[in-house]
Amino acid sequence: MIDPRLLRTDPDRVRRSQRARGESEALVDELLAADEQRRAAISTHEEKRAEQNRLGKLVPRATGEERQGLLARTKALAAEVAAAKATSDEAAARFDELMRMLPNIVHDGVPVGGEDDFTVLETVGTPRDFAAEGFEPKDHLELGERLGAIDMERGAKVSGSRFYFLTGPGALLELALLQHAMAKAVAWGFTPILPPALVKPSAMEGTGFLGQAAQDVYHLPADDLYLVGTSEVALAAYHAGEILDGAALPLSYVGYSPCFRREAGSYGKDTRGIFRVHWFDKVEMFVYCRPEDSPEQHQRLLGYEKDFIASLELPYQVLDVAAGDLGLSAARKFDCYGWLPSQQRYREITSTSDCTEFQSRRLGTRARHGDQVGPVATLNGTLCAMTRMIIMLLENHQQADGSVRLPAVLRPYLGGLDALTPVR
RNA sequence: GGAGGCGUCGCCUAGUACGGUCUAUGGCGCCCGCCUGCUAAGCGGGUUUGGGGUUACAGCCCCAUCGCGGGUUCAAAUCCCGCCGCCUCCGCCA
């Protein structure tokens, strides 16, 4: 949720943002009207209530006829107050409902347009020339099966399509990536957290995942709990309803959790292997900071993502995602796309969003600066999405014989092994 | 799952049997000032949060807020109902 005052102080900014996203401006008009109604209704209620309080205080000391008169008047007032409160509650709820539908205000400089209108900010590293090396690259599934690292068939048998087992070297590879990622994050000053993967509706709603993304979320109706699609949800809700110490900002957390996604809108897309699955594990960075620091913190998270990808010796691109593809919460989003040899193109491996005050307002997280209490910004960024990273490692570091070279940084976590070799 | 206890403005706490001067007490902490070689102590004042009004600012005013949501009443921290969380004990279980 954005700062409601922005509607009155700078409605044009809100309209500009909506246009950049390709969203309707009608919502802004509705909001302005609802805001006016809400404010009028609240002020009516407050006036009546003040009068009721004033008269009510006289009752205990009054006697006889005076008391009877007061009681009659306060009784009548009470009915008016109740009616005014109902009107005011309704208007406030209507305004709130509309406010929650309004996406975050996009930052200036974000490319206008939809999914394909991103800007490539930089390209790092060079994709390998497999033709020059004299062999055709295999895709991650073929490599993974031959290594005994990925078992899709049993994944489907046990859990259905888009499920998998990581086995033997596959399982060890995830654990190595986890150790490597956590070691880096801790060195960068992040506090490691293992958060719950099931959360209450308020956490899901507060992070903005019950909006446009709702069809992608698993819900357990028996308990009214949601399976998180990213540990961002629990890390954002971690400080819900709290007033943080402004001097302690920025707070940096790194979470590791399973992520569950229904992938409802993606039938037939990326069906081979573990590229798009219903469950994967992810190491996620999460930052709380002062609103004015969020662009700087965003760059910081992007820098860590680049560092991590580079440490695994992968060629990649950095994308400035277009406004129409930002999702409800983000004011800006940078994606890192790694080179995927089997598809001869770059595919998403990390994503970092600056959510400014959008999530913290919904979740009631604020910070105290001296004697002022103000909003905080939240940011999130992928450090290591296991399945995507395993895909990238297998494909980019494969060798002609089907073995996979391990980047030096992972070897200490894999008993010094420098390559994974096929078992069949 | 069963039984009981608890939830007050940063922390601790008074208030809840009996509804109204509760405009929520006191302590700690914190902030400002005074005093004082320095520090400590002492003295005085301030200190929930949100929304709104007014103002050059300080400030002042109104409404809401005693875990959350309903209800009773002219009036609810206080009475009633539901929910949530924490603690203790019992049962069951990875």
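In what follows, chains carry the letters A, B, and so on, assigned in the order in which the sequence lines appear, proteins first and then strands, with residues in each chain numbered from 1.
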Euclidean distance for C1', B/U16 against B/A77 (whole angstrom): 7 Å
With a cut-off of 6.0 Å (strictly less than), are more than 12 heavy atoms of other residues, nucleotides or ligands near CD of A/Glu90? no
Distance, C1' atom - from B/G4 to B/C62, rounded to whole angstrom: 44 Å
May I ask you to say what A/Glu47 touches in the nucleic acid, namely base, sugar-phosphate or nothing, with a heavy-atom cut-off under 4.0 Å? nothing
Separation of atom CG in A/Asp89 from atom C1' in B/A64, rounded to whole Å: 11 Å
Work out how far the P atom of B/C12 is from that of B/G67, and round it to whole angstrom. 13 Å
Lys NZ or Arg CZ of A/Arg388 over A/Phe280 ring: under 6.0 Å, within 45°: no
Look through every strand shown and name the nucleotide pairing with B/U65 as Watson-Crick or G-U wobble, where both distances are under 3.5 Å. none
Atom pair CD1 (A/Ile391) and OG (A/Ser342), whose distance is rounded to the nearest 0.5 Å: 8.5 Å
Span that lies between the C1' atom of B/U47 and that of B/U73, in whole angstrom: 34 Å
Enclosure of A/Gln399 CD (heavy-atom neighbours >12, cutoff 6.0 Å): yes
Applying a 3.5 Å limit to both distances, which nucleotide forms a Watson-Crick or G-U wobble pair with B/G10? B/C28
Could you work out the separation of B/C22 and B/A76 based on their C1' atoms and round it to a whole Å? 11 Å
Nearest-Å distance once atom P is located in both B/U78 and B/C61: 26 Å
With a 4.0 Å cutoff (strictly under), does any side-chain N or O of A/Arg39 reach OP1 or OP2 of B/G53? yes
What do you reckon, is CE of A/Met182 surrounded by more than 12 foreign heavy atoms closer than 6.0 Å? yes
The Watson-Crick or G-U wobble partner of B/C60, with both key distances under 3.5 Å, is B/G53
Which nucleotide in the list B/G20, B/A75, B/G52 gets nearest to the side chain of A/Gln52? B/A75
What interatomic distance, in whole Å, is found between P of B/G33 and the corresponding atom of B/G71? 49 Å
Round to a whole Å and report the spacing from NE2 of A/His45 to C1' of B/G50. 15 Å
Relative to its sugar, using the 90° cut-off around 0, the base of B/A17 is syn
Say you pick atom P in B/G10 and the same atom in B/A24; how far apart are they, in whole Å? 14 Å
Roughly how many Å is it from NZ in A/Lys200 to P in B/C84, rounded to a whole number? 9 Å
Distance in angstrom units between A/Arg49 CZ and B/U73 P, rounded: 15 Å
In whole angstrom, what separates A/Arg67's CZ from B/C74's P? 12 Å
Paired nucleotide for B/G33 [Watson-Crick or G-U wobble; both distances under 3.5 Å]: B/C43
Contact class for A/Arg361 (heavy atom, under 4.0 Å): base, sugar-phosphate, or nothing? nothing
Look at all strands and tell whether A/Arg366 reaches a base, only sugar-phosphate, or nothing, counting heavy atoms closer than 4.0 Å. sugar-phosphate
Below 4.0 angstrom from OP1 or OP2 of B/U49, is there any side-chain N or O of A/Arg368? yes
Is any NZ, NE, NH1 or NH2 atom of the basic residue among A/Arg8 and A/Asp35 found under 4.0 Å from an Asp or Glu carboxylate oxygen of the other? yes
Hey, is the side chain of A/Glu46 pairing donor to acceptor with the base of B/G51 inside 3.5 Å? yes
Is the A/Tyr164 ring parallel, tilted or perpendicular to the A/Trp279 ring (thresholds 30°, 60°)? parallel
Can you tell me the Watson-Crick or wobble partner of B/C86, both distances under 3.5 angstrom? B/G5
Among the nucleotides B/C63, B/C74, B/G50, whichever has the atom closest to the side chain of A/Val373 is B/G50
Which whole-number value in Å describes the distance from A/Lys57 NZ to B/U23 P? 6 Å
In whole angstrom, give the distance that lies between atom CD of A/Glu51 and atom P of B/C74. 17 Å
So, is A/Asn53 close to the B/C63 phosphate, meaning a side-chain N or O under 4.0 Å from OP1 or OP2? yes
Whole-Å distance, A/Leu71 CG to B/U73 P, equals 13 Å
